[in-house]
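To start, the structure under review is shown below, and the notes come after it.
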Amino acid sequence: MPYTEENNQKYQEDLKKKIAQLKKEKNAVILVHNYQRPEVQDIADIQGDSLALATAAVKVEAKIIVLCGVHFMAEIAKILNPQKQVLLPVKEAGCPASDMITAKELEAKRKEIPDAACVCYVNSSAVTKAGSDVCCTSANAIKVVRSIPEKKILFVPDKNLGLYVKSQVKDKQVITWRGVCPTHVRVSQEEIIEAKKKYPGAEFIAHPECEQKVLKEAAFIGGTGGMLKYVKSSKTKKFIIGTEQGLIYRLKKENPDKEFYSPGSHFICADMKLTTLGWVAHCLELGVYEIEVAEDIRVKAKKSLDRMLEITYGK
Ligand code: SF4
């Protein structure tokens with residue numbers, strides 16, 4: 001079949017039908033992160049940010065969870081659902097930011113400051129979660145840090161989210177680690193200033209994984225779930241979106257009367273874009289790639305996640 005736009009469209013539609021059929025046959029549910037490709041967002045049973053996916057993962061009844069996102073997200077689903085089969089469609093879809101601290105480094109740092117509680121961003125490996133006291137997402141990081149009795153907090157692995165929390169929680173001593181999200185730090189303050197000139201009247205909203213200088217330019221700072229809510233309730237019609245471009249697809253879908261711009265053409269997470277419809281179909285057909293977490297690590301990591309969910313939802 002020659003490549004034409006029409007044939008490609010038909011191929012994508014056929015894949016969607018195949019995925020729907022396989023999902024039914026295998027009793028699977030598809031969880032999709034907001035940064036995924038548009039066509040992958042379209043097949044989501046549940047779509048959201050890390051917090052929404054973690055919360056949804058606890059409630060799903062299906063036998064198989066297909067996580068369209070990156071490795072740490074599938075790990076979270078497995079930690080919360082050990083009895084279920086959790087599949088990540090692309091084995092290599094990792095998160096460079098989550099790998100910026102090792103279990104040994106965390107252990108050494110904790111020994112250095114034994115009176116500090118350790119708060120770990122969910123964008124981290126299962127071993128990092130296991131070595132921490134409580135997890136947080138970009139949506140609840142401030143609430144989690146405020147709720148902790150200790151005055152000293154070690155925040156890992158994302159430095160920028162840690163610094164943002166520090167700027168908001170003045171009565172705690174927040175010690176940050178050196179990890180960063182390579183996607184969010186790629187955008188500079190100069191580019192935001194340029195974008196504001198190029199799109200007059202547009203409001204800049206930013207993810208707290210961006211650098212502090214970039215956050216200074218923002219009218220609103222929050223995770224993707226917070227951005228979705230903010231845009232929906234705002235009277236403003238134009239927005240410059242300070243996060244991965246995948247979110248713009250959902251923003252446009254939910255707000256057809258508003259305009260969205262990305263500051264620069266490089267606000268793309270390569271790992272998030274690895275998942276395609278073809279890989280999702282392959283994953284369901286063959287039952288790959290199954291996520292495993294060692295039981296001792298899983299139990300400790302679950303404690304940190306449960307504590308976060310308790311603080312967030314008061315359960
Ligand atoms: S956007 Fe950044 S934090 Fe999110 S998955 Fe990609 S590299 Fe990791």
Side-chain angles (χ1 to χ4, degrees), residues 31-38 40-41 44 47-54 57 67-78 86 88-102 119-129 132 135-141 155-165 176-188 191 205-212 214-215 221-228 241-251 262-276 279 289 291 308:
L31 270 55
V32 177
H33 190 268
N34 286 329
Y35 294 159
Q36 291 285 292
R37 291 167 183 265
V40 178
Q41 293 188 30
Q47 182 177 348
D49 56 12
S50 307
L51 178 60
L53 296 184
L67 202 304
C68 298
V70 293
H71 190 266
F72 77 80
M73 294 174 178
E75 256 186 1
I76 294 173
K78 185 67 186 178
V86 177
L88 182 68
V90 180
K91 198 167 45 177
E92 295 78 14
C95 165
S98 76
D99 299 334
M100 289 186 189
I101 190 163
T102 65
V119 178
C120 158
Y121 188 24
V122 287
N123 298 22
S124 57
S125 66
V127 281
T128 305
K129 290 180 179 77
S132 304
C135 290
C136 73
T137 68
S138 50
N140 61 23
F155 193 98
V156 298
D158 193 272
K159 183 180 73 180
N160 288 323
L161 179 60
L163 289 174
Y164 173 62
V165 170
T176 54
W177 186 252
R178 58 176 176 270
V180 289
C181 162
T183 306
H184 284 84
V185 297
R186 229 179 278 145
V187 168
S188 67
E191 279 173 304
I205 61 173
H207 193 286
E209 284 171 23
C210 291
E211 289 189 317
Q212 301 303 290
V214 171
L215 295 183
I221 299 168
T224 57
M227 286 184 181
L228 284 158
I241 303 302
T243 194
E244 214 274 353
Q245 282 179 11
L247 186 68
I248 293 181
Y249 179 68
R250 185 163 171 193
L251 282 165
S262 186
S265 56
H266 52 295
F267 223 152
I268 292 170
C269 172
D271 284 271
M272 280 285 182
K273 298 299 189 251
L274 287 173
T275 309
T276 59
W279 282 119
Y289 294 94
I291 299 297
M308 170 188 82

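Numbers here are sequence positions counted from 1. One-based numbering, in listed order, for ligands and for the atoms of each. Computed from a predicted model, the values in this text were never measured in an experiment. Computed over heavy atoms, backbone and side chain alike; hydrogens, waters and symmetry mates excluded.
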Worksheet item: Which distance, rounded to the nearest 0.5 Å, do you find between the NZ of K91 and the CD1 of I291?
Response: 10.5 Å

Worksheet entry | Whether F267 and H184 hold their rings parallel, tilted or perpendicular, with breakpoints at 30° and 60° | perpendicular

Worksheet item: Between T276, L88, L53, V40, which is the residue that forms a side chain to side chain contact (heavy atoms under 4.5 Å, CB included) with C68?
Response: V40

Worksheet item: Do L228 and L251 touch side chain to side chain, with heavy atoms closer than 4.5 Å?
Response: yes

Discussion item. Taking E191 first and then R186, would you say they form a salt bridge - that is, a charged N and a carboxylate O separated by under 4.0 Å?
Written reply: no

Discussion item. By the definition side chain to side chain donor-acceptor pair (under 3.5 Å), identify the one residue from N160, N123, T243 that meets it with E209.
Written reply: N123

Discussion item. Distances under 2.8 Å only: what protein N/O/S atoms are near atom 6 (Fe) of ligand 1, ordered by chain and residue?
Written reply: C269 SG

